[in-house]
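Here is the structure we will look at.
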Amino acid sequence: VATSDVTELISELDGTARRRALARLLTLVEDGTPERLRAAIRELYPRTGRARILGMTGSPGVGKSTLTNAVAAELRSRGRTVGVLAVDPSSPFSGGALLGDRVRMQSHHADDGVFIRSMASRGHLGGLSFATPQAALVLDAAGFDDVIIETVGVGQSEVEVAATADTTIVALAPGMGDGIQAAKAGILEVADLFVINKADHGGAGKLASELRGMLEMGHAVETDASGAVSWWPPIVRTVAMRPEGIDELVDGFDEHREHLEATGQLDRRRRLRALHAIREIALEQIRTRFSRIEAEGDPLLESLSEKVAARDLDPYTAADELLDAMESDRP
Ligand SMILES: Nc1nc2c(ncn2[C@@H]2O[C@H](COP(=O)(O)OP(=O)(O)OP(=O)(O)O)[C@@H](O)[C@H]2O)c(=O)[nH]1
Ligand SMILES: [Mg+2]
């Protein structure tokens, strides 16, 4: 099925129609059929693995988008190209055309070394947690040196960012009840770097010492096999909209990258990410195929259901039989 156009799009990533090809590939990740998505990822995958993936997470309104914008600009000034994915689960119908995104696009719009894309939650196969890593692969394959993924940290999602990113920045802001509550939400644990944004507001110092207290209790601190501390997350204060502190933040990102490479953590994280991807894809395939046979009225599924209902068979044995049958008729 229509995989030749996928091949063509991928070849256009190296040409003058690059931005258009990128946009269309990302749309394919968001809205494409499972077959086209599979074709795209299979072909893109060998081109990936070069980009540094940076996750930016934190509670609503702490300044993640403003920070992402400033970090992208700082990385550009250091000669790096940057792809941005703004994952926005709270915007079901805007398609990401938020004011903030327009402002951001304006500040970089004449620059071919930056590409920004918002992803809303509607209409994804398997949801955002499935689509986001695939979209990151597209940006990686397109050759961006750095890919920044912005997500709102509301529970499960920061764990997912951490699973996709090499380095995760957790952004906090004073006066937003982010101290102790953040620890409860598990947001501290995924941080490789902390940003205290809105440092122009009072309370940044108090938040920083609260955070240091939590690190001292062992949260977010990485230890090696002998139990010694191998990474102590830096705490960087910023005023993202000025911007102030961004150079230090980007230095921290670089240092964390060097740490990952020097200690073998990068390979470990990438193996974990691969495992996560395989699991999500395998589960998604089972779900999709189950829905399909259910909708089409599969004779085996019907007879198994009858037997289970009649107590001739237990549901576990029935599920085993169904999985075996699915296995023997794989696409
Ligand atoms: N005073 C102050 N305001 C800031 C700073 N950084 C961002 N803001 C403002 O805070 C508001 C929220 O900023 P965003 O960057 O949209 O925050 P966000 O975390 O991306 O928000 P969501 O994506 O909705 O969760 C905006 O009005 C920004 O202008 C800062 O350092 N100081
Ligand atoms: Mg935002």
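Side-chain atoms are counted along with the backbone in the values below, which use heavy atoms only and exclude waters and symmetry mates. Nothing here was measured: the structure is a model prediction, and the numbers come from that model. Indexing begins at 1, ligand by ligand and atom by atom, following the structure's order.
- Judged purely by atom type and a 3.5 angstrom limit, W231 uses its side chain to pair as donor or acceptor with the backbone of D192.
- Among the atoms of G63, some N or O lies under 3.5 angstrom from an N or O of ligand 1.
- Although no hydrogens or angles enter the test, the distance criterion places a donor-acceptor pair under 3.5 Å between the side chain of S230 and the main chain of E222.
- Judged by distance alone, with hydrogens and angles left aside, the side-chain atoms of T68 form no donor-acceptor pair with the main-chain N or O of E150 at under 3.5 Å.
- Checking D166, D146, T167 one by one against R257, the side-chain hydrogen bond (donor to acceptor under 3.5 Å, both in side chains) holds for a single residue, D166.
- When the Mg ion (ligand 2) is compared with the N/O/S atoms of E150, atom OE2 turns out nearest.
- Distances from atom 9 (C) of ligand 1 to the heavy atoms of R237, K198, E244, H201 show the closest one on K198.
- Annotation: side chain of V170 is not in contact with side chain of L193 (no heavy-atom distance under 4.5 Å).
- Atoms of ligand 1 found under 4.0 Å from any heavy atom of P60, numbered from 1 in the order shown, are 25 (O).
- Heavy atoms from both the backbone and the side chain of T66 come within less than 4.0 Å of ligand 1.
- Each of the following atoms of ligand 1 lies closer than 4.0 Å to a heavy atom of K64: 15 (O), 17 (O), 18 (P), 19 (O), 20 (O), 21 (O), 22 (P), 25 (O).
- Residue R242 does not touch ligand 1, judged by heavy-atom distances below 4.0 Å.
- Counting atoms of ligand 1 from 1 in the listed order, those under 4.0 Å from a heavy atom of G61 are 12 (C), 17 (O), 18 (P), 19 (O), 21 (O), 22 (P), 25 (O).
- Two residues are said to be in side-chain contact when any heavy atoms from C-beta on lie closer than 4.5 Å; F115 and L22 meet this criterion.
- A cation-pi arrangement is absent between R117 and F144 under the rule of less than 6.0 angstrom and at most 45 degrees off the ring axis.
- Look at S65 and the Mg ion (ligand 2): an N/O/S atom of the residue is under 2.8 Å from the metal.
- Heavy-atom proximity to V239, at under 4.0 Å, picks out these atoms of ligand 1: 31 (O).
- Judged by distance alone, with hydrogens and angles left aside, the side-chain atoms of N197 form a donor-acceptor pair with the main-chain N or O of V62 at under 3.5 Å.
- Below 3.5 Å of separation, one finds no N or O of A199 facing any N or O of ligand 1.
- Proximity to E150 (heavy-atom distance under 4.0 Å) selects the following atoms of ligand 1: 20 (O), 23 (O).
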